[in-house]
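Both ligands and their constituent atoms are indexed starting at 1 by order of listing. The shown structure was predicted, so the numbers you read here are calculated from the model rather than taken from an experiment.
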Amino acid sequence: MTETISAPANARTSMRALTEDAGRAYELDRQHVFHSWSAQEQIKPTVITRGEGSYVWDGEGRKLLDFTSQLVFTNLGHQHPRIVEAIQEQAAALCTVAPQYANGTRSEAARLIASHTPGDLDRVFFTNGGADANEHAIRMARLHTGKHKVLSTYRSYHGGTQLAINVTGDPRRWPNDNGSTGNVHFFGPYLYRSPFHSTTEEEECQRALEHLEQVIALEGASTIAAIILESIPGTAGIMVPPPGYLRGVRELCDAHGIVLIADEVMSGFGRSGKWFAVEHAGVVPDLLTFAKGVNSGYVPLGGVAISEAIYQSFAQRPYPGGLTYSGHPLACAAAVATIEVMEDEGIVDHAAALGEEVFGPELRALAESHEWIGEVRGVGAFWAIELVSDRATREPLAPYGGSSREMGAIVLAANAKGVLPFVNFNRIHTVPPINTAAEDVRRGIRLIGEALGEARASDSSS
Ligand code: PLP
């Protein structure tokens, strides 16, 4: 079992016979494919041969309930016919076009995105994924404010690239030549493991804001371009911020001329039961980054939604950044279809109802009966089960940044029962496609519960 940040369930789970095609895929993978975040010779990637809705089939022919949405991106599940058809139609009409031209599919994708982003976030810069969306958002914030530092929370993930333009060797580098200096981390709210010794959400909110205020004062508000945070930290543990926190961060940003960047790469496009998770707090950021769920991940796409004030910074001076595939028509066609399906089928309300009627009650009931569960938390179709070896001390069942025999056993048991869980350190995230039927969500939770029970039983007997 290999645990990684971005490919948590990346392990072949049994040695049953692969089909001939799957065997070849596996062997060629091992010879030629270099995988993300992994020690290459310690992984045994599961072969996935097909997908449909909330299910995938592995190379041994087993049908698995996908409780991961892969890396939390197939928000509408696999092979949604309307998205597939939109990509096919776009491919037949015009596969690609450079970003300097206007294109109807790209324009429509931008219009639809802007129609759902909060406030005046009405301009869209398209990127290839989430990391470059964040890089561009930071670049915009720096150029807009003339300041350099960026504050972000511990326990966050914003993408795998570095500020790539700094290694570029032509004049386009000059306005961006900042190295990676000036990144300062602070603690966000996390009541279950409160860095502030809080015992209530109110305390956690107030103390986290006081802490941030101090960090701003000590770093110097006049040096800080942006605060970037995930509206609900995702991979780090789905810590839904306490009421008032994001509003307090917004007020601190306003008071000090700091750009607020909401990273909605994972939490956006319905995952939290709202189009964007900032809506739970009634807060409008200055920049909002997105990727993944914008088109269910069928073709790589990300972007930055830009407020009017920041847009005006680049109305008469060139924005010094760009990408060959900015607004790729195939990706934008998938985005248009995804958003239209979400609108037509009430998918965001479905995700909200799943949270209130299924995930919440079922996971809380599970927590009652499993000693290893320290806390369950989440909203919409975005939930974490935090596992501990001791409920009193809250000792995690795997160390921060690592894995453990127990976590490995849980994943193996879950896979054997036909469910793919998203696992990170000592947590299981239950994040199936947001259009998953309630009965499938119930089934997945039951199977994860059984897997926990089996792993616990074998642990205490060993
Ligand atoms: N931001 C958040 C919140 C993410 O969860 C991720 C990826 O998991 C990223 C940014 C990076 O996105 P990408 O992998 O598309 O570059």
Side-chain angles (χ1 to χ4, degrees), residues 3-10 35-38 68-75 113 125-141 150-165 183 185 188 190 226-241 246 260-272 274-278 280 285 287-305 321 323 325-328 331-332 334-335 338 378-384 422-425 427 429 431 434:
E3 295 299 335
T4 66
I5 289 177
S6 275
N10 195 13
H35 282 259
S36 308
W37 313 114
S38 301
T68 66
S69 300
Q70 300 300 294
L71 291 175
V72 200
F73 61 75
T74 52
N75 278 10
I113 292 164
F125 178 66
F126 285 110
T127 63
N128 301 329
D132 48 350
N134 286 328
E135 290 219 9
H136 281 284
I138 291 168
R139 195 182 306 177
M140 287 174 192
V150 178
L151 270 48
S152 56
T153 60
Y154 292 110
R155 302 187 193 273
S156 64
Y157 182 67
H158 296 294
T161 63
Q162 304 204 329
L163 291 167
I165 196 72
N183 300 336
H185 285 82
Y190 181 14
I227 295 177
I228 180 168
L229 37 76
E230 293 173 75
S231 309
I232 299 175
T235 309
I238 314 186
M239 292 88 82
V240 180
L246 288 177
L260 177 58
I261 305 172
D263 180 340
E264 295 258 2
V265 168
M266 192 177 276
S267 60
F269 288 96
R271 175 60 57 189
S272 77
K274 300 268 188 202
W275 278 91
F276 295 96
V278 276
H280 291 283
L287 296 167
L288 182 153
T289 57
F290 62 86
K292 297 188 189 264
V294 61
N295 64 2
S296 234
Y298 282 30
V299 183
L301 184 68
V304 189
L323 305 96
Y325 302 126
S326 177
H328 195 287
C332 287
T338 298
V379 64
F382 203 28
W383 287 77
F422 184 110
V423 173
N424 189 231
F425 314 154
R427 283 171 278 102
H429 293 184
V431 284
I434 67 174

For Ser267 and Phe276, run side-chain contact (heavy atoms from CB on, under 4.5 Å): C-alpha distance rounded to whole Å, both residues' side-chain angles, the deciding distance at 0.1 Å, then the answer. CA-CA 7 Å; Ser267 60; Phe276 295 96; over 6 Å; no
Practice prompt. Check step by step if side-chain contact (heavy atoms from CB on, under 4.5 Å) holds for Lys292 and Asn75.
Written response: CA-CA 8 Å; Lys292 297 188 189 264; Asn75 278 10; over 6 Å; no
Worksheet entry | Verdict with supporting geometry, Glu230 and Ser156, side-chain hydrogen bond (donor to acceptor under 3.5 Å, both in side chains) | CA-CA 7 Å; Glu230 293 173 75; Ser156 64; 4.7 Å; no
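At under 3.5 Å, a nitrogen or oxygen of Ala131, whether backbone or side chain, sits near a nitrogen or oxygen of ligand 1. Taking only nitrogen or oxygen atoms, main chain and side chain alike, Met266 does not reach within less than 3.5 Å of ligand 1. Remark: ligand 1 and Asp132 share no N or O pair separated by less than 3.5 Å (distance only, no angle test).
In Thr289, neither the side chain nor the backbone holds a heavy atom less than 4.0 Å from any atom of ligand 1.
Each of the following atoms of ligand 1 lies closer than 4.0 Å to a heavy atom of Asn134: 1 (N), 10 (C). Atoms of ligand 1 found under 4.0 Å from any heavy atom of Gly129 (numbered from 1 in listed order, with element): 15 (O). Interface of Gly130 with ligand 1, defined as ligand atoms under 4.0 Å from a residue heavy atom, comprises 11 (C), 12 (O), 13 (P), 15 (O), 16 (O).
If you check each of His158, Lys292, Glu230 against atom 10 (C) of ligand 1, the one with the closest non-hydrogen atom is His158.
One finds the OH atom of Tyr157 at 9.0 Å from the CE atom of Met266 (value rounded to the nearest 0.5 Å).
Within the 3.5 Å criterion, the main-chain N or O of Val379 finds no donor-acceptor partner in the side chain of His280.
Counting heavy atoms from C-beta on, the side chains of Leu229 and Asp263 never come closer than 4.5 Å.
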